[in-house]
Amino acid sequence: MADRAQGTPTPPTDSSVDREDWYGRDLDGETFERVAFGDCDFSEITTTGATFTECTFRNVRFNASTHTDSAFANCTFSRCSFFDTTFTRCKTVGSTFTECTFDLLKVVGGNWSFVTMAGADLRSVTVTGARLREADLTGARCQGAVLRDLDLSGAWLHKADFTGTDLRGSDLSALDPLSSIVQGAIVDPAQALVVAEALGLDVRTH
């Protein structure tokens, strides 16, 4: 599958929050629309049912923050840190992540369809039970990551490195094993059949 075109324009914003320290803040049900956040500290914040729509985050630290049932729709994240961040049942549909770090990121459930994470270093992430339909993971480094029970249908996986990645239970229908690196990836028998068929093998049980 060909690379997805890059350069999606950043959505315009109506207001800005610059260099603010929101360390440990509880954002319960709060709503933000078209806000530009720059050089802010969101470490250890907690969001529950919060909504961010078409917001821009630049150099924002989300370290050790926890997000539950929150939405980050069509947002842009640039050079943000997500060290030990946890997203549970969150929605990030259509968001773009550029030059961000994701060390020890944990994602449980939720809808991450149409996100762009091309070239991202995802080697230490754990993502389970989430929807990533048509997500752009072109060139993503996923060696050793846990990417289990994911809906990756239509995802862009060209040149992604899945060496040693635990992919069990995930939809691999969009995976071209000739254009991605899959050595040592952990899969279940049904997935092995899908990969074999993608390689043009004639799999027979008898």
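This is a predicted model, so every value here is computed, not measured.
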Point-to-point distance, once rounded to the nearest 0.5 Å, from [atom1] of [X] to [atom2] of [Y]:
{"X": "Glu99", "Y": "Phe77", "atom1": "CD", "atom2": "CZ", "answer": "15.0 Å"}
{"X": "Thr128", "Y": "Leu150", "atom1": "OG1", "atom2": "CG", "answer": "7.5 Å"}
{"X": "Asn63", "Y": "Asp84", "atom1": "CG", "atom2": "CG", "answer": "8.5 Å"}
{"X": "Asn74", "Y": "Thr96", "atom1": "CG", "atom2": "OG1", "answer": "8.5 Å"}

Under 3.5 Å: donor-acceptor pair, side chain of Ser124, backbone of Leu104: yes

For the residue pair Arg58 and Asp39, establish whether any side-chain heavy-atom pair is separated by less than 4.5 Å. no

Ring-plane angle category for Phe87 and Phe82, please: parallel below 30°, perpendicular beyond 60°, tilted otherwise. tilted

Parallel, tilted or perpendicular: ring planes of Trp22 versus Phe42, cut at 30 and 60 degrees: parallel

Would you call [X]-[Y] a salt bridge at under 4.0 Å N-O?
{"X": "Arg89", "Y": "Asp69", "value": "yes"}
{"X": "Asp103", "Y": "Arg123", "value": "no"}
{"X": "Asp151", "Y": "Arg133", "value": "yes"}
{"X": "Glu30", "Y": "Arg25", "value": "yes"}

Is it the case that over 12 heavy atoms from other parts of the model lie below 6.0 angstrom from the NZ atom of Lys106? yes

Does a donor on one side chain and an acceptor on the other come within less than 3.5 Å for Thr48 and Asp28? no

